[in-house]
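Atoms considered below: every heavy atom in the structure, side chains included; atoms not considered: hydrogens, waters and symmetry mates. Note on naming: letters A, B, ... go to the chains in the order of the sequence lines (proteins, then strands), and numbering restarts at 1 for each one.
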Amino acid sequence: MIDYLVAISIIVGIYAIFAIGLNLEWGFTGLINFGHVGFLAIGAYTTVLMNLSGAPIWLSMASGVVLAAFFGLLVGIPTLRLREDYLAIVTIGFSEIVRLFLLNEEWLTRGPMGLFGYDRPFEAMIPFDYNYFLFILVFGSLAVIYLLLEKLVHSPWGRVLKSIREDEDVASALGKDVFRYKIQALMIGSAIAGLAGAFLAFNMQYINPRNFIPMETFYAWIIVVLGGSARNKGTILGAIIVQSFYTGTRYLQDYVPLASHQIAALRVMVIGVLLVLLMMYKPQGLLGRKEELTLGQ
Amino acid sequence: MLQLIINGIVLGSIIALAAIGLTMVYGVLNFANFSHADFMTFGAYIAFVLNVALGLNIILSFFIAIAIAGALGVLLDFLVWKPMRRKNADLVSLVIISIGLSIIVRNAIIFIWGGSTRNFDLPVRRGIEMLGVTITHNQLIGLGTAILFMVLVHFFLKNTKLGKAMRAISDDINLARMSGIDSDKVIMWMWFIGIGLAGVAGILYGLETTIRPNMGWFLILPMFAAVILGGIGNPYGAMVGGMIIGLSQELSMLILPSEYKMGVGLGIMILVLLFKPKGLFGGTKA
């Protein structure tokens, strides 16, 4: 039972890290990143590929994080000076290109067969169940990221981000280089997604391109929106709720007369319905502050 | 090469048709509607049910399916988009709602019809061969129907009162309102026509390939590319843009592995955004 809870908690922690990166981009800065999963994939594959070619695991993880941030820069340059929704279109395309690359460049990624047999940090040294160590590692990292982000968003830098979200013309009228701030937010958010990717790889011990479908991005979205955009605490709460929903409905097919593909489709539909209803009636989510997140309403 | 050009023209005309509705909504309501392509899929499945499960003839199924798709567009305007307009919602909320709708429609289709591929009940006929290339019957039908509908859209926009009102709203909604245009009514018709045309495109695409839950979703990027290339809010731009994207996707196979076809539209789109963000023909928004 404890083992099971630890295993579930690790997944919650990884999704919380993944989504808290998105919260910096969407919640605080108002960037519509629909390709967040692409950065998760880059983090996971870079970590694994570096390690499989002989690099120590810490260096591999660092490379994954840096490369994810670098791709954040690349995606941001053509889009962040333009309308908000261009970023949405380009990022979703970017994440699909990443997935197609992983699927088709078999010389590098082994394509649909995926990758396994890589190291995990300190695995040889841990005398007890590795999951317990991974649990500590994931939640330790989440705590550090949480504290750093809280510090950042309450700094002058963070206040500029929020002003960009609410009205970027005002921010630029005050002499702030809006484009720079947006790029920085996107790079930091992507780096965090890259780290989540490394943890995902450690948790699964086997990665393949199917782990990185566009829907993963929207799990992060529902986590952020449900918990309350621009509230890092809310993101963690959102991750707990969404994962509980998934775990809770996993054995549903033993009780309802529906085929397994129908239950899977229904679960995803619930996410979609929730996203629409929240954006229509409660865009500030559970913990958000209505007076702060106006979205023009 | 010639074969790729023909395939490209057929695909391009389908993208063009679907992109008309996308660009109209983008121009008038000012947001990127990520659910648009899933209504292609919806139209194709409704036509499939009428044609295969209920045994109606394909032409009748075609028209009923378009009407149902268009009606769904109007229903969603009533349930979702109109209340959001009343609240004066920010475009980012609309974009996020549209992705939610896209998830709902796609998974409702999987829930009802499963994930496997389907086909219309049509006699298989041999393609026409000339100059070493093959044009299938379905390609001919698809191309002909697409062109017919594009011509209809042209006459609608130029010659009818509703069409002119739609262009006026797309140019400047406040000005149009002041000159006495009932914007809610025009927007309702815009949804009917836009989503109806997406349904047409979906049926044609299903005829040309197969009917499957992801068929529309995979075209949303080429469609956005067509819209941005042609200038947002410009239906003619979207038609030309669709053709350009369809042709470049197919012709890209000469130099790129076909798995990366989808990336071509994205590549063109990024180039347009970098160098000509208003599109080739100028749009109403930038």
Side-chain angles (χ1 to χ4, degrees), chain A residues 26 30-32 34 74-75 77-79 81-90 92-94 96-97 100-101 103-105 111 165-166 214-215 217-218 221-222 225 229 258-259 261-281 283 293-297, chain B residues 26 30-35 79-80 83-84 87-112 114-116 213 217-218 220-222 224-225 227-228 232 257 259-263 265-267 269-275 277 285-286:
Chain A
W26 155 249
L31 305 178
I32 320 181
F34 278 173
L74 280 190
V75 170
I77 287 173
T79 45
R81 286 183 201 277
L82 305 162
R83 286 174 54 118
E84 291 105 319
D85 41 3
Y86 287 169
L87 181 69
I89 300 171
V90 171
I92 205 168
F94 161 76
E96 278 295 87
I97 300 289
L100 288 176
F101 180 87
L103 200 57
N104 293 302
E105 302 304 314
R165 182 195 66 202
E166 292 303 313
M215 195 55 212
T217 297
F218 301 109
W221 269 91
I222 193 67
V225 173
S229 303
L258 289 170
H261 78 266
Q262 288 183 309
I263 293 178
L266 211 54
R267 288 159 87 188
V268 182
M269 271 170 82
V270 170
I271 302 282
V273 171
L274 201 59
L275 197 55
V276 171
L277 292 180
L278 279 168
M279 287 316 291
M280 284 184 76
Y281 300 110
L293 185 85
T294 60
L295 293 170
Q297 292 180 27
Chain B
Y26 214 150
N30 202 15
F31 76 98
N33 179 10
F34 278 82
S35 63
L79 289 178
V80 179
M84 292 309 279
K87 286 194 213 173
N88 209 4
D90 201 45
L91 82 94
V92 289
S93 337
L94 302 180
V95 172
I96 296 166
I97 289 175
S98 79
I99 201 87
L101 286 179
S102 150
I103 292 169
I104 298 170
V105 172
R106 199 158 56 251
N107 284 284
I109 287 169
I110 297 175
F111 182 82
I112 302 170
S116 53
W217 174 245
F218 284 132
I220 188 75
L221 279 175
F224 274 128
V227 167
I228 291 172
I232 289 172
E259 291 85 0
Y260 292 112
K261 255 203 253 182
M262 205 196 73
L266 185 74
M269 187 158 62
I270 291 176
L271 288 179
V272 174
L273 290 181
L274 278 174
F275 300 110
K285 304 283 185 312

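When all heavy atoms of Ala32(B) and Ile89(A) are compared, the pair lying nearest together is CB-CD1, 4.3 Å. The minimum heavy-atom distance linking Ala265(A) with Phe111(B) is given by the pair CB-N, 3.9 Å. In terms of heavy-atom proximity, Phe101(A) sits nearest to Tyr260(B) at CA-OH, 3.3 Å. Minimum interatomic distance between Leu101(B) and Val276(A) (heavy atoms only, all atoms of both residues): N-CG2, 3.8 Å.
Here Ile104(B) is the residue among Val95(B), Leu274(B), Ile104(B) with the most heavy-atom pairs under 4.5 Å with chain A. Among Val80(B), Ile99(B), Leu271(B), the residue with the largest count of heavy-atom pairs under 4.5 Å with chain A is Ile99(B).
Taking CD1 of Ile271(A) as the start and CD1 of Ile103(B) as the end, the distance is 8.0 Å to the nearest 0.5 Å. Note that CG of Asp85(A) is 7.5 Å distant from CG of Asn30(B), once rounded to the nearest 0.5 Å. Considering CG of Leu266(B) and CD1 of Ile92(A), their distance stands at 11.0 Å, rounded to 0.5 Å. For the atom pair CD1 (Ile270(B)) and OG1 (Thr79(A)), the distance works out to 8.0 Å, reported to the nearest 0.5 Å. In this structure, Gln262(A) CD and Ile112(B) CD1 are separated by 9.5 Å, a value rounded to the nearest 0.5 Å. Distance check: Leu278(A) CG to Ser93(B) OG gives 12.0 Å after rounding to the nearest 0.5 Å.
With a 4.5 angstrom heavy-atom cutoff, Leu94(B) does not touch chain A via any of its atoms. Using a 4.5 Å cut-off between heavy atoms, Leu221(B) touches chain A through its side chain atoms alone. For chain A, the nearby part of Phe224(B) is the side chain; its heavy atoms alone come within less than 4.5 Å. Heavy atoms closer than 4.5 Å to chain A are found in both the backbone and the side chain of Ile96(B). Residue contact with chain A, scored on non-hydrogen atoms closer than 4.5 Å, is absent for Phe275(B). Using a 4.5 Å cut-off between heavy atoms, Val105(B) makes no contact with chain A at all. Only the side chain of Phe34(A) comes within contact range of chain B, with heavy atoms under 4.5 Å apart.
Residues Glu96(A) and Phe218(B) meet the side-chain proximity criterion, which asks for heavy atoms closer than 4.5 Å. Arg267(A) is not listed as a side-chain neighbour of Asn107(B), based on a closest heavy-atom distance of 4.5 Å or more. Side-chain contact check for Glu84(A) versus Phe31(B): every heavy-atom pair is 4.5 Å or farther apart. At least one side-chain heavy atom of Met262(B) sits less than 4.5 Å from a side-chain heavy atom of Leu100(A). Ile110(B) has its side chain out of reach of Val268(A): every pair of non-hydrogen atoms, C-beta onward, lies at least 4.5 Å apart.
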Candidate pair Tyr86(A) and Ile228(B), rule side-chain contact (heavy atoms from CB on, under 4.5 Å), full reasoning: CA-CA 9 Å; Tyr86(A) 287 169; Ile228(B) 291 172; 3.7 Å; yes
